[in-house]
Amino acid sequence: MGPKPSQPQTGELFGYPLRDHLNLKHPLILLGDRIQWERIDALVADQFKSRTGRPATSPRLIAGLLYLQHAFDLSDEEVVATWVENPYWQVFTGEIYLQTRPPIDPSSLTRWRKRLGEAGVEEMLSLTLVLAQELGMLKESSFKTVIVDTTVMPKAIAHPTDSRLLERTRQHLVKAARACGLKLRQSYSRVAPQLARQVGRHAHARQFKRMRNVLGKLRKRVGRIWRDIDRQREQVTGPLRQWLDDLMARAERILTQQPKDRNKLYALHAQEVECISKGKARNPYEFGVKVSITTTHREGFVVGARSMPGRPYDGHTLYEALEQASIVGDCRIDTAVVDKGYRGADVPGVRILRSGQRRGVTRGIRAMIRRRSAIEPTIGHMKTDGKLDRNWLKGALGDALHAVLCGAGHNIRLLLRRLQRRLRRFCAFILLSILACVRLMLPDRSEMTL
C-alpha cells in the first residue's frame, strides 16, 4: 500500500509545532522548504499497486534521511539515531511535531535504496541542482561546461591476502556443509587458522620461501574440504543446491587463481571488487570500482557520478559520464574539460579540452583548462567529508547507487555552507545598519561642548 499523509497523534494535538521553537532561518529548514519532494513521491507512486496492507513510509522521510546520511557521513543506524535527537533534521524530513522514537528501522533504508533504483537516486541528485538554481547559486549556462575525472571508490573489504582468502573460504565451506546436512571428514578448524597466522609471520620476517610452503599446505587443506563437499553435492536439492553451487564456484576460483592472473577474486562475498592502480605513491593499489565524477566548471556542484565496472580506460568512460550529466542537469553539454588520461576520447557535439594541449589554445581556453584541477578537492571532500572513501552497499547496483548518493550529499553540503555564509553576511549587514542608525541618533559631541 502506498504512503499516506501523516496525521498528528493523540499526544500531539495540544502541543506546539516544532517550527514555533526553532530558528526558521536555519539552513536545513530553508532547504527542506524549497526541495521539490513531490517529484520523489511521483517517482515511487507506481511501485505501490496494492490498496491493502500497512501504508508505506513517506518517501520524503527516506529521501531526507539519505540526504543527511551522505551529507554528514553517517551509517544507517547513526542517521536514524541522530534524527531522533536533532529537531532540525525532523523538520527537514517533513515532521510537524517533535518525535521521540525512531521513525523507521535502519534496515528499511536498504530496501528503499533498491526500490528507488538508479533512476530514483539520480532524481535526488537532480533535485539538489534545481534547488541550487532557485537559490541563485547555479545558472542554466553552468551545466554547459563541465569537468570530468575518475577516481576509485573502495569497497568495504579487508586487504585481500591469499592466507585470509583461503581461511575465509574454508569457514564458509564448513558452514555451508553443516547447513546442507553434509558430513565432512575433517574441517581443519584448529590447523587452518594456525597455518594462516604462520603465513603472516613468515611474510613479516621476509621469509618468502617458508611463507609459500605454509601457504601451499593451507591451500591443500581447503582443497580437501572443497572436494569432500563436491562428492556429496548431489544429495542437496532445491534452493540450497543453487546457493551451494555458487559458493563452490567462488571457492574454486580462489583455490585455482595465480598471482599473475587477470580478473582475480579479491573477496568471497563481493565478486565485483577489482584491483585498480591510480599511480598514488601512498596507496599504489585500491580495491573497489572506478567512478566517473562530473562537476560544473565554476561552481563545483556535482552533476554526475557513475560507477564504471570492468576497469575501463578513462577515455572510454567519457561518453557515459556526459550522458548522465546531461540527463541529470537537463541541459546539453557543450564543453568538457578533462586531464591527460582522456587522450584520444571524442564525443560527438562536445568540445573536449585536455590538460597540456597546445593546438588552438587561446587565453580564455587556457584559463578553462587551468580550472580543471578544481575537481580534485571536490573528490577529496567527497571522500573525507562524505562516504565515497568506503562503499558498504552490496553488488554492482550498490556501487551505482552509492556513487550517485555521494554526489547528492556533496551538493547538500555545498548548499548548507553557502546558505550559512549568506546568513552571516545578512546578520553583519543588519548589525552595521543598526550601528549607523544609533550613531545618527546620538547628538554631535562638538555641539555638546559649545
Side-chain angles (χ1 to χ4, degrees), residues 5-6 8-9 11-12 15-41 57-104 106 109 123-138 299-302 381-382 384-387 405-435:
S6 60
Q9 303 297 321
E12 299 171 345
Y16 290 98
L18 270 174
R19 291 175 178 267
D20 293 347
H21 301 273
L22 301 179
N23 177 18
L24 297 183
K25 292 184 179 180
H26 191 278
L28 273 178
I29 295 181
L30 296 178
L31 290 185
D33 292 341
R34 286 179 172 268
I35 294 179
Q36 300 177 8
W37 302 103
E38 61 275 4
R39 289 174 55 175
I40 299 178
D41 296 341
T57 309
S58 169
R60 174 175 178 176
L61 172 65
I62 299 298
L65 289 175
L66 291 176
Y67 277 139
L68 296 169
Q69 177 185 18
H70 285 267
F72 298 102
D73 189 14
L74 301 173
S75 64
D76 292 350
E77 292 78 10
E78 289 172 342
V79 71
V80 173
T82 310
W83 183 91
V84 179
E85 301 171 358
N86 196 325
Y88 288 100
W89 286 24
Q90 297 185 16
V91 175
F92 178 75
T93 55
E95 292 294 338
I96 300 176
Y97 300 95
L98 180 66
Q99 304 296 318
T100 57
R101 294 182 179 179
I104 56 171
L109 292 176
E123 185 69 18
M124 292 176 58
L125 177 61
S126 178
L127 287 178
T128 61
L129 300 174
V130 172
L131 180 57
Q133 284 183 279
E134 292 180 357
L135 295 174
M137 301 178 187
L138 274 179
E299 297 84 1
F301 280 89
V302 177
H381 283 296
M382 292 176 69
T384 56
D385 302 337
K387 297 175 70 66
L405 287 172
C406 287
H410 177 75
N411 290 347
I412 290 293
R413 283 194 302 273
L414 280 183
L415 290 169
L416 291 174
R417 190 177 300 119
R418 296 185 182 184
L419 278 177
Q420 290 173 352
R421 194 179 305 162
R422 283 186 181 182
L423 290 174
R424 285 197 297 266
R425 290 177 180 174
F426 178 75
C427 293
F429 173 76
I430 294 297
L431 181 60
L432 291 176
S433 301
I434 294 174
L435 291 176

Does the pair L68 and L28 meet the rule for a side-chain contact (heavy atoms from CB on, under 4.5 Å), with working shown?
-> CA-CA 10 Å; L68 296 169; L28 273 178; 4.0 Å; yes
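- Partners of D73 according to the side-chain contact (heavy atoms from CB on, under 4.5 Å) rule, which considers only residues two or more places apart in sequence or in another chain, are K387.
- Between F92 and Y67, the ring planes lie perpendicular to each other; the angle is over 60°, past the 30° to 60° tilted range.
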Given side-chain contact (heavy atoms from CB on, under 4.5 Å), test Y97 with Q90 step by step and report yes or no.
-> CA-CA 9 Å; Y97 300 95; Q90 297 185 16; over 6 Å; no
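- Contacts of R34 classified as salt bridge (Lys or Arg N to Asp or Glu O under 4.0 Å), with partners at least two apart in sequence or in another chain: none.
- Taking both residues in full, the closest heavy atoms of N23 and Y88 are given as N-OH, 3.2 Å, listed atom of the first, atom of the second, then distance.
- Shown here are the ring pair (Phe, Tyr, Trp, His ring centres under 6.0 Å) partners of H410, two or more places apart in sequence or in another chain: there are none.
- Between L65 and V79, the shortest heavy-atom contact is O-CG2, 3.6 Å.
- Side-chain atoms of Q69 come within 3.5 Å of backbone N or O of L74 as a donor-acceptor pair.
- Here the shortest heavy-atom pairing between L135 and R422 reads O-NH2, 2.7 Å.
- Partners of D20 under the salt bridge (Lys or Arg N to Asp or Glu O under 4.0 Å) rule, at least two apart in sequence or in another chain, do not exist in this structure.
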Could you give me the CA-CA distance, side-chain angles and deciding distance for Q36 and E134, then say whether side-chain contact (heavy atoms from CB on, under 4.5 Å) is met?
-> CA-CA 11 Å; Q36 300 177 8; E134 292 180 357; 3.2 Å; yes
Which is it for E123 and R39 under the side-chain contact (heavy atoms from CB on, under 4.5 Å) test, yes or no, and what are the steps along the way?
-> CA-CA 8 Å; E123 185 69 18; R39 289 174 55 175; 2.6 Å; yes
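- In this view, D41 and P59 satisfy the side-chain contact (heavy atoms from CB on, under 4.5 Å) rule, not counting sequence neighbours.
- No side-chain donor-acceptor contact under 3.5 Å links Q420 to the backbone of R417.
- Side-chain contact between M124 and I40 is present, with at least one heavy-atom pair separated by less than 4.5 Å.
- At least one side-chain heavy atom of Q99 sits under 4.5 Å from a side-chain heavy atom of W83.
- A search for salt bridge (Lys or Arg N to Asp or Glu O under 4.0 Å) contacts involving R418 returns nothing, not counting sequence neighbours.
- Residues G32 and W37 come closest through the heavy atom pair O-NE1, 2.9 Å.
- When atom types are taken as modelled, the side chain of R413 and the backbone of H70 share a donor-acceptor pair closer than 3.5 angstrom.
- Scanning both residues, R19 and V91, for their nearest heavy atoms gives NH2-CG1, 3.9 Å.
- Of all heavy-atom pairs between L125 and V302, the closest is CD1-O, 3.6 Å.
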